[in-house]
Amino acid sequence: MGSDYKKTLNLPRTDFPMKAGLTTREPQQLAAWEKDHLYARIQEARKNAPPFLLHDGPPFANGDVHMGTALNKILKDLVVKSKTMAGFRAPFIPGWDCHGLPIEFKVVKEKAGLTPVQIRQRSEAYARKYIDLQREQFRRLGVFGDWDHPYLTLDPSYEADILRSFAVFIEKDLVYRSKRPVLWSYGAQTALAEAEVEYKDKESPAIHVAFEITASPVLPTNASVVIWTTTPWTLPANLAIAVSPKHTYSAQNFTKDGETRTLVLAADRAASFSAETGWMPQGEGQTFSGAALEGTITRHPFLDRPAPVLTADFVTMDTGTGCVHIAPGHGADDFQLGKARGLDILCPVDDLGLFTEECGVTAWVGKPVFAANPLVVEYVKSKGALLGVTSYQHSYPHCWRSKTPIIFRTVEQFFIRIEALRADALKAIKATKWIPDWGLKRITGTVESRPDWCISRQRSWGVPLPVFYRPDGEPILDANVVRRVADLVEKRGTNAWFEMSDPELAAMFGLPAGTTKGHDTLDVWIDSGLSHQAVLRRRPELAYPADLYLEATDQHRGWFQSSLITAMGIEGTSPYKTCLTHGFVVDVDTREKISKSAQGGYQKPTDAMHFVEKSGADLVRLWVSSVNFTDDVPFSEEMFNRLGDAYRRIRNTLRILLGNLHDYDPSAATEPTAIDRWVLARLAEVENTCRDAYEKFEFHRVYHALNQFCAVDLSSLYVDITKDRMYCHATENPRRRAAQAAMHEILSSLTRLLAPILAFTAEEAWSYFRPGISVHMELFPEKRIADPEALADGDRLLQIRALVSQALEKARAEKVITNNLEAAVTLQLADANERERWSSRLPELEEFLILSELHLEPGGEVTATISKTSAPKCERCWRHRGSVGQSATHPTLCDRCVAAVTL
RNA sequence: GGGCCUGUAGCUCAGUUGGUUAGAGCAUGCGCUUGAUAAGCGCAGGGUCACUGGUUCGAGCCCAGUCAGGCCCA
């Protein structure tokens, strides 16, 4: 009997599956989009719309897409998709950064003895392999863009634009050549990057050396300043001594073997000096602040020149004497100090690590520096300057390839003058919008303090630094020649530079015989930093400047800065209007960067595809949308699993709406109630919140607004409340039709608002709602005002509902009722107007509270009293109603249901 | 060591110009439902707002310091 009446109900009907099956459904969806040329169709549809240009920062073509990379690309996609749906033309041209050491390093490690041309061939193959791999993975994540025509920094046209930009730098006199210290492998005869250095234990002679004072504002002139060094071979290049301005120094008598000397060193280091050398302190010393020692002049222990005492912050008290031997040609700190204080940059060592004439001791010329160590020690001793010699075990950098110890030496490099650009760059920074706003301070700080930009690298896998050298070794910096090289590169790629011989190139560009090409490449930050020229200025669908650059916070010093500096040199304006940064993905348990915590035994999965294959791209996208990305982005597998619940809730909400709309008729007569007006007002609020949040790139606000709307407003309220109407009322009942009208509007808005985030699921739902049209071609709902009266009504009803729910729960605990529909509820309302209002619309209130029987009474406080109803249960709608039994044909139904089944 | 930033329930987020018992969703527990059913609904528990000190009639919010973490430098 009951099952017969069940057939008369309007239960939800839809083929939209409850189970998502994203891992199989998404690839099908992708194929369909692909076949449809959806990206191209969207661009075509928006071709006359105002543009919003997000310019993709190129990831390095190396490795799989991990969660950090996925975060970045999905955020960009959220921008592109939401701007598109907000009515903009938002093209996305993805790019890759292809040159650079990490690739060259891998290639060279695989096979030794390659020529530069071979290294470049293998590096290109390597880069292209990972471009293809990453492209497939980005696509799989549902990121829309012109994947068939990305920009690659190894494209000949891109490389040519780099060279043309370089020509502009030359014209504007922004390029110069100067010495700079580098890590040098004399074994491989090349400069090395940090990554190519291996640290190994090494035993070095450690010596204490006395520098006699020749003049001093404070120190006694019969004293000597004591330095300590583990690289005696750098003494010929000594030009100064550095002391810490913050520490205390003493001048004190020391004796050893009957000899007494007055020595100056840091007070804190005296004890270990004595222990290591056997020189014992005598009597009381005089103390001085390090700052007071400035102005003291000492004499080099074996060369006829002075070594002034200078103060420097980098001097520490960890080892040595607190007095640091300074050789500007052989150390980074030394070099900086030397430059700042106007010292020479003396570097008497050649490519092979052999002393040159400049070392000042004829006998040492041509000797390998490490082999010369004992000679230097002996010489210092012979001059009476040696206070002690020990052997010192330390971790010392070695060349990964030749395994030889590394030396610091200065070589000629090319630089871009930052000073000429700094003031304008700082102005442009102020005119740019930074999100979050502290980005302004951060990039201002880096640009203010940044030294000149060293742009030359002694590498093969890169764009050649387009410089020729005259026979006398002088570089030829000629913009016109560089432009002609660019034209060559445009046709043949930069390989031409490496493949063609010096005479061929000289002949081609009309340079005198004997001219040679340079072997340096450009810093890869020049490559990516010039994308505003090679991409924004070149692609017809793009323009200069971009509306938005969006990268991780490390790019304040990286791409944001390199792009800005190069743009100042060429355009004089900023290449972007807004810069948006996101944090790094961190492990939620340790709050450490995910790549760090992955070190050691158990490796937590961090590849994006691991999660795509496990749960689907929409889950990864939902994760991206759910977090506040301006800080570090928390991540854990558990958190990811939790998001699955949120996803299912949203999916089921879409499903029930679709199910309830199976017989939707837009022309049907409707009769909306308070709850219908309320839910539409709430929808308007949610729409406005989402539009605003998308506009401000605050995607987590979209996520939370939509998640709560689905979970609370729809699932636990509106859908639950309207079930009785939807299922039990006659099909054409105007209130039922009103609920459908509301649900239709809700589904339409909700799906479109979800579309940028749940790109696949929204499309799937839309295919049931509007078959044949992609949701990604649609626009967001228009801005509108949420009816304040309807909202206020709803708030009041919710208060009453909370009260009644508590009372019902209590009654259930006391076994008065088990099911809410068994309850007869008496509601005491103090406000006579309110009582009056709802008395006339009691059925609406009953519906809202999902009750069988409700009575209103005057009272003080608002309270609800529960008793068990005496009315019989309607077999069709399960409500207990007095009218059950009145119909002869349907004795087990209430009057409403009788009417519904007899229609 | 320096610059910039972060720290609110188990998790993700709200907390308006400092103002009554700090909010929401998820998760958890206990019920209800079996006509969204590998679904749905209700109720409940859970936070000395990183820590310490200060300004104030009053601080999650302002100030100083400490601790933890991040990015970039050194």
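Letters A, B, ... are given to chains in the order of the sequence lines, protein chains preceding strands, and every chain is numbered from 1.
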Student: One pair to check against side chain to side chain donor-acceptor pair (under 3.5 Å): A:Thr818 and A:Glu822. What are the steps and the verdict?
Tutor: CA-CA 7 Å; A:Thr818 52; A:Glu822 295 166 9; 3.1 Å; yes

Student: Across all strands shown, which nucleotide pairs with B:A44 by Watson-Crick or G-U wobble geometry, both distances under 3.5 Å?
Tutor: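 Base partner found: B:U28.
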
Student: Between side-chain atoms of residues 439-447 of chain A and protein atoms elsewhere (two or more places apart, or another chain), which donor-acceptor pairs fall under 3.5 Å?
Tutor:
unit_1   : atom_1 : unit_2   : atom_2 : d
A:Thr444 : OG1    : A:Leu440 : O      : 2.6
A:Thr446 : OG1    : A:Ile443 : O      : 2.9

Student: Can you tell me the Watson-Crick or wobble partner of B:C4, both distances under 3.5 angstrom?
Tutor: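 Paired with B:G70.
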
Student: Assign A:Thr581 to base, sugar-phosphate, or nothing according to its heavy-atom contacts below 4.0 angstrom with the strands shown.
Tutor: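 The answer is nothing, as A:Thr581 stays clear of every strand by at least 4.0 Å.
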
Student: Using a heavy-atom cut-off of under 4.0 Å over every strand shown, decide if A:His556 touches base, sugar-phosphate, or nothing.
Tutor: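 Counting heavy atoms under 4.0 Å across all strands, no contact is made by A:His556.
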
Student: Using a cut-off of strictly less than 4.0 Å, decide whether A:Gln806 has a side-chain nitrogen or oxygen near OP1 or OP2 of B:A44.
Tutor: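 Answer is yes, contact under 4.0 Å.
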
Student: Could you list the protein-to-nucleotides 6-10 of chain B atom pairs, N/O on both sides, closer than 3.5 Å?
Tutor:
unit_1 : atom_1 : unit_2   : atom_2 : d
B:G10  : N2     : A:Arg642 : NH1    : 3.4

Student: Pick the nucleotide of RNA chain B nearest each of A:Thr553 and A:Arg812; which residue has the one closer to the 5' end?
Tutor: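 Upstream on the strand: A:Arg812.
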
Student: Could you tell me the Watson-Crick or G-U partner of B:G18, where both distances fall under 3.5 Å? Say none if there is no partner.
Tutor: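 For B:G18, the partner nucleotide comes out as none, under the 3.5 Å rule.
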
Student: Determine the contact category for A:Arg450: base if any of its heavy atoms lies under 4.0 Å from a base atom, sugar-phosphate if only primed atoms, P, OP1 or OP2 are that close, otherwise nothing.
Tutor: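 Nothing, no heavy atom under 4.0 Å.
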
Student: What is the base-pairing partner of B:A36, counting Watson-Crick and G-U wobble geometry with both distances under 3.5 Å?
Tutor: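 The answer is none; no pair meets the criterion.
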
Student: Please enumerate all residues that pass ring-ring contact (aromatic ring centres under 6.0 Å, His included) together with A:Trp678, with sequence neighbours excluded.
Tutor: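 By the ring-ring contact (aromatic ring centres under 6.0 Å, His included) rule, A:Trp678 matches no residue at all.
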
Student: For A:Lys723, answer base if it contacts any base atom (sugar-phosphate contacts may also be present), sugar-phosphate if it contacts only those atoms, and nothing otherwise; contact means non-hydrogen atoms under 4.0 Å.
Tutor: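 Base, at least one base atom sits under 4.0 Å.
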
Student: Taking for each residue the nucleotide of RNA chain B with the nearest heavy atom, is it A:Gln708 or A:Met639 whose nucleotide lies nearer the 5' end?
Tutor: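 Nearer the 5' end of the strand: A:Met639.
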
Student: Paired with B:C51: which nucleotide, if any, by Watson-Crick or G-U wobble criteria at under 3.5 Å for both distances?
Tutor: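 Matched B:C51 with B:G65 under the 3.5 Å cut-off.
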
